[in-house]
Amino acid sequence: MATERYNAREVEARWQKVWTDKDVFVTSNEDEREKYYVLEMFPYPSGRIHMGHVRNYAMGDVVARHKRAKGFNVLHPMGWDAFGMPAENAAMQNNVHPKDWTYENIAFMREQLKIMGLSLDWSREFATCDVEYYEQQQRLFLKFLEAGLVYRKNAKVNWDPVDMTVLANEQVIDGRGWRSDALVEQRELTQWFFKISDYSEELLEALDGLDRWPDKVRLMQKNWIGKSEGLRVRFEFIEAAPTGDQVLEIFTTRPDTLFGASFMGLSPDHPISTKLAESNPELQAFIEECRRIGTTAEAIETAEKNGFDTGLKVKHPLDASIELPVYVANFILMDYGTGAIFACPAHDQRDLDFAHKYDLPVRPVVLPKDADAATFEVTNEAYTDDGTIFNSGFLNGMSIGAAKNAVAKKLEEIIISDEPQGERQVNYRLRDWGISRQRYWGCPIPVIHCDDCGVVPEKDENLPVELPSDINFDKPGNPLDRHTEWRSTSCPACGKPALRETDTMDTFVDSSWYFARFTAPRCDQPTDPKAANHWLPVDQYIGGIEHAILHLLYSRFFTRAMQKVGALDIKEPFKGLFTQGMVTHETYKSSDGKWLNPADITFSETDGKRTAIHTETGGPVTIGSIEKMSKSKKNTVDPTDIIDTYGADTARWFMLSDSPPERDVIWTEEGVQGSWRFVQRVWRLVQEIADGTEARSNEIPEMTGKALDLRRATHKTIAAISKDLESLGFNRAVARIYEHVNQIGKAAHDGMSAPEMAYAVREAAESLAQMIAPMMPHLAEECWTKLGMYGLISETDWPHVDDSLLVEDTVTLPIQINGKRRGEITVARDASKEVVEAATLELDFVQRVLEGRAPRKVIVVPQRIVNVVA
RNA sequence: GCGGGCGUGGUGGAACUGGUAUACACAGCAGACUUAAAAUCUGCCGCCUCAGGGAUUGCGGGUUCAAGUCCCGCCGUCCGCACCA
């Protein structure tokens, strides 16, 4: 019987229909089996899926299908992160409604995902812009407000002048907006904040328990939370400051260096600086200059340390005879600590630079281990390492740690103006999360501004506060501000006319709880606690590293906040996290320097050198570096084109082979074709076996020789692949499958007519279909049917491993002489060390080396290696 | 500046907790089939070397019977944070 070529398009469509018609991947909350929740970060509906999505969802699907075969009740849902700026930009540019644009994109992308053959439970699908979803988000917001987790304050905020909205600290990268890339400005606005800082310590401590998260992500979050322990110290002014303050409060992590103080520094935004500037135009000018410099990386590196002497003086807390001048200094941040410092130039580089510029004293107080106290001095480089305290009165001779404690203890006991002069304090870098956005396409913040009652939460029964659909984008800014009809409402407290809040929520709020909503997506409350507690935490979460802080930190906070308001009862949302690498591709440029798309290029190879020309014009093409696929560099490959040509299985297989999943993968045409050839090869082999052998008998025939070897290989492979998939080593699993297919192919070609061989080959083919099923589900179903197997492979258990086939009776050990491999020996598997040693020493080549002498030492590691030390 | 990762053939990479380095794939070469091409099949394929062998996991040192793997110091590269007191 001739083998047929595999028609991926026809086969894939057919099996997808079967899966859908039979609801194979619809998951019930009522199921006795152990649960497993696998989730990939849901996509933003930008218009089309890209290769990054294909990689992400292929990985998640392998996990889902493997776990299902292993007997788990698997939840594997999909939805849409659908609010956000691009929809508004499209509205402004193309005169479409953001809602229409978004839902049309969703419809298109849903079909793209469906042709990938993902084992998703589509019955749980939602978009965050669905009224039903954001209504529940508003309900959550009100619960958080009631629980004191939300507040409103006037604050300096990051203003993105291009997107015309506020950004959270996490959304500012190198001083630029994370989406617009515009230089961020500082603006003073009244905004809504989530009290994420209440959880600083908890979010930090719990990182230790996230042992199935990448260390890198945990470290990044740790640094972001930025805990530092120190002392808050109050310095008495000689004469009160113009604000009326008698003391200046500072925060320091180095109280041990207090005797090295030579001046005090105030942030330009410190209230005392502001007050002084009112009557001092020179200082006013200096402060404005500081603000202009900005906070970009380059600015910070190049900016000189600048200051302004206020003329104010304070007393040293440990030696009243020392007076310290107070400067306004450009390198002091208002929003860390108290916005004021004491400066110790000898042991802090910034303070040292400043001291040099303004000719202030440099007094070393930490002596390096081998330095001489009489001669040690600090010139151009501050000394920040360990040492012994000197020049410091009662601290002399102490270690840094002991001195820190001694100063803290002493200052805690001194009382000035009814308060202790020093107080131990823990500071965090993490700020509260500002969630107000001055945009239309987001979840409205459900509060009302009443002239009499102030800010009043909307009543629960009035939810949802629905977005109006009759809006226009002909003017810049937030269309909700101009929609007087929508804004006008009545106060929920007093009933008088009042105005709605027009800010909407940061879209990161939407994605901070969607994983919980999937567990009961149609519930009339934000969550069904029973369902949420059953399914959560997510057992395996997969997505890009770019969310290491943003989304992943917000979600961790949100889960705790939801626990506080009783929406669920867990703390950590994601038990296992995996961050996959990017999909990259070569870049191409035409002779006039324009980026070119790979689809428009023809390649040729002469003498091992690859050259490229533009297919249409024949013009020369420069082959450039390998970069992340991006629209701007045009080095993208459309998944739909690939699936049309080769099928979804080929695309999925290629995405999983070669590169380890956490690393970047390079998309190449050769690689895809290699995967395509493999699909054909498997199909040919399975047809050959299905046509050339009878179905397996229930009785296992007596196994010897090659048939036994093949059975052993089959069972070893099943065990190994299972382990690889469990640890997300997709590339290793792929390599093993290649190896095993080579083994099966050889066995089949050697002849499969003998009953024991027929059995072994048939068994190998069946388990091969099962092993490729998580990666190439359509091909697997087709093979399963071809082999005459019952039911769907998608509903079939993982192949059973016969442990007795995993161990061999004999093992071959390498023999090293003085650490170099010189030969090998085959011994019984359970041979004792003594037996192996004796057998080794009898070998010719060993005796030749020893020349009759006894070896100095023989190391036998059972089942591993023998090393003879001559 | 601070913190972290990575460095193995022409290429992507494998090597479990220190135990046969280079599995598997891509590219390449030779052969078979073919009028030819594609597809497929068979074999070869890191370096030096005359068989035998020798050196080799960015560089230099160390620990060990044994190091790609552990330790110290460099070099390169990527990522995160960044005037955080």
Side-chain angles (χ1 to χ4, degrees), chain A residues 3 5 173-175 214-224 226-228 230-231 250-254 257 265 267 293 295-297 299-301 303 305 329-333 335-344 347-351 353-354 384 427-429 545 548-549 605 608 610 654 657-660 662-666 668-675 677-678 680-681 684 720 723-724 727 729 731-742 745 749 812-824 855-861 863-870:
Chain A
T3 56
R5 216 167 146 72
I173 295 149
D174 280 348
D215 290 340
K216 186 189 166 109
V217 175
R218 290 196 284 175
L219 186 67
M220 280 166 73
Q221 292 212 354
K222 183 180 173 215
N223 291 339
W224 188 262
K227 179 180 184 174
S228 59
L231 198 65
I250 62 100
F251 174 75
T252 180
T253 54
R254 292 298 302 272
T257 64
S267 164
I293 300 228
T295 50
T296 60
I300 287 162
E301 232 155 68
K305 302 286 173 276
N330 65 345
F331 63 94
I332 298 161
L333 307 171
D335 53 4
Y336 186 80
T338 63
I341 60 157
F342 91 83
C344 175
H347 305 292
D348 182 293
Q349 192 60 44
R350 293 157 305 178
D351 298 349
D353 295 343
F354 192 92
T384 52
N427 254 326
Y428 299 91
R429 214 184 73 115
I545 185 81
I549 293 173
E605 190 162 326
R610 272 172 81 232
F654 178 59
S657 38
D658 287 351
S659 287
E662 69 278 9
R663 268 193 239 176
D664 290 353
V665 63
I666 306 170
T668 62
E669 188 62 25
E670 291 81 9
V672 183
Q673 280 172 6
S675 296
R677 281 198 299 270
F678 182 68
Q680 295 291 352
R681 197 167 158 219
R684 263 196 317 274
K723 217 173 132 197
D724 288 337
S727 61
N731 57 320
R732 293 195 302 269
V734 165
R736 271 189 231 281
I737 287 175
Y738 273 118
E739 215 168 349
H740 191 46
V741 167
N742 289 341
H749 291 149
T812 300
L813 305 178
I815 294 176
Q816 293 184 335
I817 293 172
N818 295 331
K820 288 198 193 275
R821 186 179 185 279
R822 295 293 150 162
E824 54 187 37
R856 275 204 280 167
K857 205 173 178 184
V858 179
I859 290 120
V860 178
V861 183
Q863 295 168 53
R864 282 246 181 246
I865 203 164
V866 183
N867 193 1
V868 180
V869 186

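Numbered from 1 within each chain, the chains take letters A, B, ... in sequence-line order.
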Chemist: Counting only side-chain heavy atoms from C-beta out, which of B:rC41, B:rA15, B:rC84 sits nearest to A:Arg350?
Modeler: B:rC84
Chemist: Could you state the atom-to-atom distance from CZ of A:Arg821 to C1' of B:rG18 in whole Å?
Modeler: 18 Å
Chemist: Which residues satisfy the side-chain hydrogen bond (donor to acceptor under 3.5 Å, both in side chains) test with A:Asp353, sequence neighbours excluded?
Modeler: A:Gln349
Chemist: Just compare B:rC84, B:rC16, B:rA21 and give me whichever is closest to any side-chain atom of A:Arg429.
Modeler: B:rC84
Chemist: Under a 90° cut-off about 0 for the syn range, is B:rG9 syn or anti?
Modeler: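 What B:rG9 shows is a syn base, its glycosidic angle lying within 90° of 0.
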Chemist: Report the distance from atom CD of A:Gln680 to atom P of B:rA39, rounded to the nearest whole Å.
Modeler: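 Distance, rounded to whole Å: 12 Å.
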Chemist: Looking only at the side chain of A:Arg677 (C-beta and beyond, no hydrogens), which of the listed nucleotides B:rA55, B:rA39, B:rG80 gets closest?
Modeler: B:rA39
Chemist: Starting at atom CG of A:Asp353, determine the distance to atom P of B:rG1, rounded to an integer number of angstrom.
Modeler: 14 Å
Chemist: Kindly say whether, by distance alone, the side chain of A:Lys305 makes a donor-acceptor pair under 3.5 Å with the base of B:rC83?
Modeler: yes
Chemist: Of all heavy-atom pairs between A:Phe654 and A:Ile666, which one has the smallest distance, and what is that distance?
Modeler: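 Heavy atoms only, the tightest pair is CZ-O, 3.7 Å.
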Chemist: Here's a test of your reading of the structure: between A:Ile865 and A:Ile545, which maps to the more 5' nucleotide of RNA chain B?
Modeler: A:Ile865
Chemist: Not counting sequence neighbours, which residues clear ring-ring contact (aromatic ring centres under 6.0 Å, His included) with A:Tyr336? List them please.
Modeler: none
Chemist: If you check the A:Arg864 side chain, which of B:rC41, B:rU17, B:rA23 turns out closest?
Modeler: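 For the A:Arg864 side chain, the nearest candidate turns out to be B:rU17.
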Chemist: Find the distance A:Trp224:CH2 to B:rC84:C1' and express it as a whole number of Å.
Modeler: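 Taking CH2 of A:Trp224 and C1' of B:rC84, I get 12 Å after rounding.
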Chemist: Just how far, in rounded Å, is C1' of B:rA21 from NZ of A:Lys820?
Modeler: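 Interatomic distance, NZ of A:Lys820 to C1' of B:rA21: 13 Å.
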Chemist: Categorize A:Ile332 for me: base, sugar-phosphate, or nothing, with a 4.0 angstrom heavy-atom threshold over every strand shown.
Modeler: base
Chemist: Of all heavy-atom pairs between A:Arg736 and A:Asp724, which one has the smallest distance, and what is that distance?
Modeler: NE-OD2, 2.7 Å
Chemist: Quick one: salt bridge (Lys or Arg N to Asp or Glu O under 4.0 Å) partners of A:Asp658, sequence neighbours excluded?
Modeler: none
Chemist: Distance check needed: B:rA82 C1' versus A:Ile549 CD1, whole Å only.
Modeler: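 Atom CD1 in A:Ile549 sits about 12 Å away from atom C1' in B:rA82.
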Chemist: Not counting sequence neighbours, which residues clear side-chain hydrogen bond (donor to acceptor under 3.5 Å, both in side chains) with A:Asn742? List them please.
Modeler: A:Arg681
Chemist: Taking the side chain of A:Phe331 as heavy atoms from C-beta outward, which of B:rU40, B:rC83, B:rA85 is closest to it?
Modeler: B:rC83
Chemist: Have a look at A:Phe251 and say if it touches a base, only the backbone sugar-phosphate, or nothing, with a 4.0 Å heavy-atom cut-off.
Modeler: base
Chemist: Using the closest heavy atom to pick a nucleotide of RNA chain B for each, name whichever of A:Gly337 or A:Asn867 lands nearer the 5' end.
Modeler: A:Asn867
Chemist: Take atom CZ of A:Arg681 and atom P of B:rC24, then tell me their distance rounded to the nearest Å.
Modeler: 11 Å
Chemist: Would you sketch RNA chain B in dot-bracket for me? Only Watson-Crick or G-U wobble pairs with both distances under 3.5 Å count, crossing pairs as [ ], other-strand pairs as |, the rest as dots.
Modeler: (((((((..(((......[....))).(((((.......)))))..((....))...(((((..]....))))))))))))....
Chemist: Between B:rU64 atom C1' and A:Arg856 atom CZ, what is the distance in whole Å?
Modeler: 14 Å
Chemist: Anything under 3.5 Å between a protein N or O and an N or O of nucleotides 3-13 of chain B, put it in a table, one pair a line.
Modeler:
{"unit_1": "B:rG12", "atom_1": "O2'", "unit_2": "A:Ser659", "atom_2": "OG", "d": "3.1"}
{"unit_1": "B:rG12", "atom_1": "N2", "unit_2": "A:Asp658", "atom_2": "OD1", "d": "2.9"}

Chemist: Closest approach to the side chain of A:Leu333, judged atom by atom: which nucleotide of B:rC65, B:rA85, B:rA21 is it?
Modeler: B:rA85
Chemist: Within the 4.0 Å heavy-atom criterion, would you say A:Val869 contacts the bases, only the backbone, or no part of the nucleic acid?
Modeler: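 Since only primed, P, OP1 and OP2 atoms lie under 4.0 Å of A:Val869, the category is sugar-phosphate.
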Chemist: Walk me through it: do A:Asp348 and A:Phe354 pass the test side chain to side chain contact (heavy atoms under 4.5 Å, CB included)?
Modeler: CA-CA 10 Å; A:Asp348 182 293; A:Phe354 192 92; over 6 Å; no
Chemist: If you check the A:Arg5 side chain, which of B:rA39, B:rC84, B:rC83 turns out closest?
Modeler: B:rA39
